[in-house]
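Worth saying up front: this structure is predicted, and the values here are computed from it rather than measured.
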Protein chains: 2
Amino acid sequence: MQNLLKNLKVVVHDKLYLKDPETSDLGKRIVGESITLIDDMGFECFTFKKLGDRIGSNESSIYRYFENKHKLLLYLTSWYWGWMEYRLVFATNNISDSKEKLKKAIDILSEEVKEDSTYSHIDEKALNAIVINEYSKSYLTKEVDKENKEGFFAIYKRLVGRVKDMILEAQPDYGFAASLASTTVEGVLHQHFLIQHFPSLTSCSKTVAPKDFFTDLLFSSLNLETDA
Amino acid sequence: MQNLLKNLKVVVHDKLYLKDPETSDLGKRIVGESITLIDDMGFECFTFKKLGDRIGSNESSIYRYFENKHKLLLYLTSWYWGWMEYRLVFATNNISDSKEKLKKAIDILSEEVKEDSTYSHIDEKALNAIVINEYSKSYLTKEVDKENKEGFFAIYKRLVGRVKDMILEAQPDYGFAASLASTTVEGVLHQHFLIQHFPSLTSCSKTVAPKDFFTDLLFSSLNLETDA
DNA sequence: GCAAATATGATAGTAATACTATTATTTTTG
DNA sequence: CAAAAATAATAGTATTACTATCATATTTGC
């Protein structure tokens with residue numbers, strides 16, 4: 001998979017940037033270092049000025065790639081969900097059994113991203129941490145409807161749609177497929193956050209993974225046996 | 001219930017304010033108008049200066065009540081969860097059947113807050129909207145561990161704990177009670193958000209309420225019949 | 001009823017943020 | 001090698017998120 005991804009580009013909405021950061025060395029450094037910097041200091045404290053200092057470049061140069069840090073966050077998280085979608089499709093495509101397929105999907109969605117896959121300038125582990133800690137800030141805004149109309153959340157919506165389809169494949173009678181899919185994708189992030197900061201609010205820990213909880217949750221609510 | 005609440009004060013952590021806003025007319029106006037203003041313009045655009053203009057008071061006076069707008073958000077959302085906890089306990093206390101009790105809890109947690117109960121200076125409908133749109137911003141910060149240690153999230157944690165206890169009462173064998181409780185409390189907010197902004201990601205609508213989804217979800221995963 | 005205490009208001013000031021604009025310099029490319 | 005494109009440097013603006021100080025209004029305790 002790593003080798004394959006090396007030759008594939010995750011395509012994000014082209015209105016999210018002014019100039020495609022994939023097309024230059026500076027652009028890649030902006031994206032790569034913004035991930036580690038946001039992960040280090042949090043999105044609120046992060047500024048283009050600090051990023052410029054970090055990469056030995058100028059604030060004004062970064063503004064030529066991204067309008068503002070909100071668009072950068074949308075870019076980074078879109079990239080993440082595109083990457084996740086790719087991994088999801090790749091891992092489930094050849095599975096014919098719908099239960100096994102759904103199980104694999106939960107696995108991919110909820111597994112902790114452990115390693116920087118080093119296939120690119122992007123540190124997926126840090127990006128996963130950013131998505132856990134910052135993703136909801138990208139849509140909890142007054143501009144969400146306008147930005148949604150522009151298609152800025154298309155990849156995320158497509159991903160949730162795929163999960164929904166897998167749910168319906170496994171259990172065509174189920175009446176809440178969209179809600180179960182969105183609850184899973186969002187809930188997985190939330191459980192990872194709780195493990196780190198509110199352990200009393202989660203049953204997950206070093207030994208129990210979010211995967212275990214969500215597998216049980218989905219299979220129970222779909223009235224399926226988990227021993228697929 | 002409204003009459004009872006009229007004589008009860010929702011108690012929030014006293015480090016969340018510099019001066020208790022309940023003790024003065026100005027304080028109540030700060031709290032009351034901040035709710036409608038944040039609801040109108042979103043938490044990012046909201047400033048103490050704008051609030052001062054709105055209530056015909058001065059920015060500096062507001063700073064005598066709250067250190068900053070983050071603390072104000074923690075105050076407002078703590079108040080909301082305290083109010084919710086009160087309603088939850090009040091509505092479920094006299095129910096002996098554990099299934100019925102859990103059902104009622106889901107009902108209280110997920111119902112749309114429709115009316116300003118007018119028992120106070122607080123517009124609960126607007127506050128509910130704030131919690132849906134802004135609550136996660138109160139904990140998705142770099143200071144979350146410090147603030148959690150200080151007890152700023154105590155009411156929320158107690159509420160989730162109560163839901164967890166009700167889950168265990170209804171099904172003592174269930175292994176993921178904390179995660180199911182936190183997923184429900186958080187998920188309810190998320191589904192309400194999706195109804196408004198991403199209808200394709202939810203099965204809920206005008207006719208299907210989040211309550212229906214979560215009742216089905218909890219009772220299925222707890223292996224209980226919903227016809228309690 | 002008045003002085004002291006307290007609450008509120010007005011004004012000013014600061015450092016940082018989130019940009020925009022302009023110009024200079026470097027790098028790329030035809 | 002010249003022209004074009006990319007990047008860097010500098011300066012400037014409005015707003016934010018405060019702090020500090022002083023003035024004025026209101027409350028209260030005697």
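Side-chain rings of A/Y80 and A/W83 approach one another, their centers coming within less than 6.0 Å. Taking the centre of each ring, B/Y135 and B/Y156 come in below the 6.0 Å mark.
Following rounding to the nearest Å, A/D20 (CG) and D/dA5 (P) show an atom-to-atom distance of 18 Å. Rounded to whole angstrom, the span from the CZ atom of A/F46 across to the P atom of C/dT17 amounts to 12 Å. Taking atom NZ on B/K49 and atom C1' on D/dT19, their separation rounds to 16 Å, with Å as the unit. We find that CD1 of B/I55 is positioned 12 Å from C1' of C/dG9, with the value rounded to whole Å. Residue A/K50 contributes atom NZ, which lies 15 Å from atom C1' of C/dC19 at whole-angstrom precision. Atoms NZ (A/K19) and P (D/dA5) sit 11 Å apart, rounded to a whole Å. The separation between A/Y17 atom OH and D/dA6 atom P is 14 Å, rounded to whole Å. Rounded to whole Å, the distance from CG on A/N58 to C1' on D/dA11 is 12 Å.
Of the residues in residues 22-42 of chain A, those with a non-hydrogen atom less than 4.0 angstrom from any atom of DNA chain D are A/S24, A/L26. Near DNA chain D, defined here as any heavy-atom distance below 4.0 Å, the residues from residues 60-78 of chain A are A/S60, A/S61, A/R64, A/Y65, listed numerically.
Between D/dA6, C/dG9, D/dA8, one nucleotide has an atom nearer to the side chain of A/S57 than all others, and that is D/dA8.
Among residues two or more places apart in sequence or in another chain, the side-chain hydrogen bond (donor to acceptor under 3.5 Å, both in side chains) test is passed with B/N68 by none.
Taking the ring axis of A/F43 as reference, the NZ or CZ atom of A/K69 stays within 45° of it and closer than 6.0 Å to the ring centre.
Judged purely by distance below 3.5 Å, without hydrogens or angles, the side chains of A/H197 and B/N148 never pair a donor atom with an acceptor atom.
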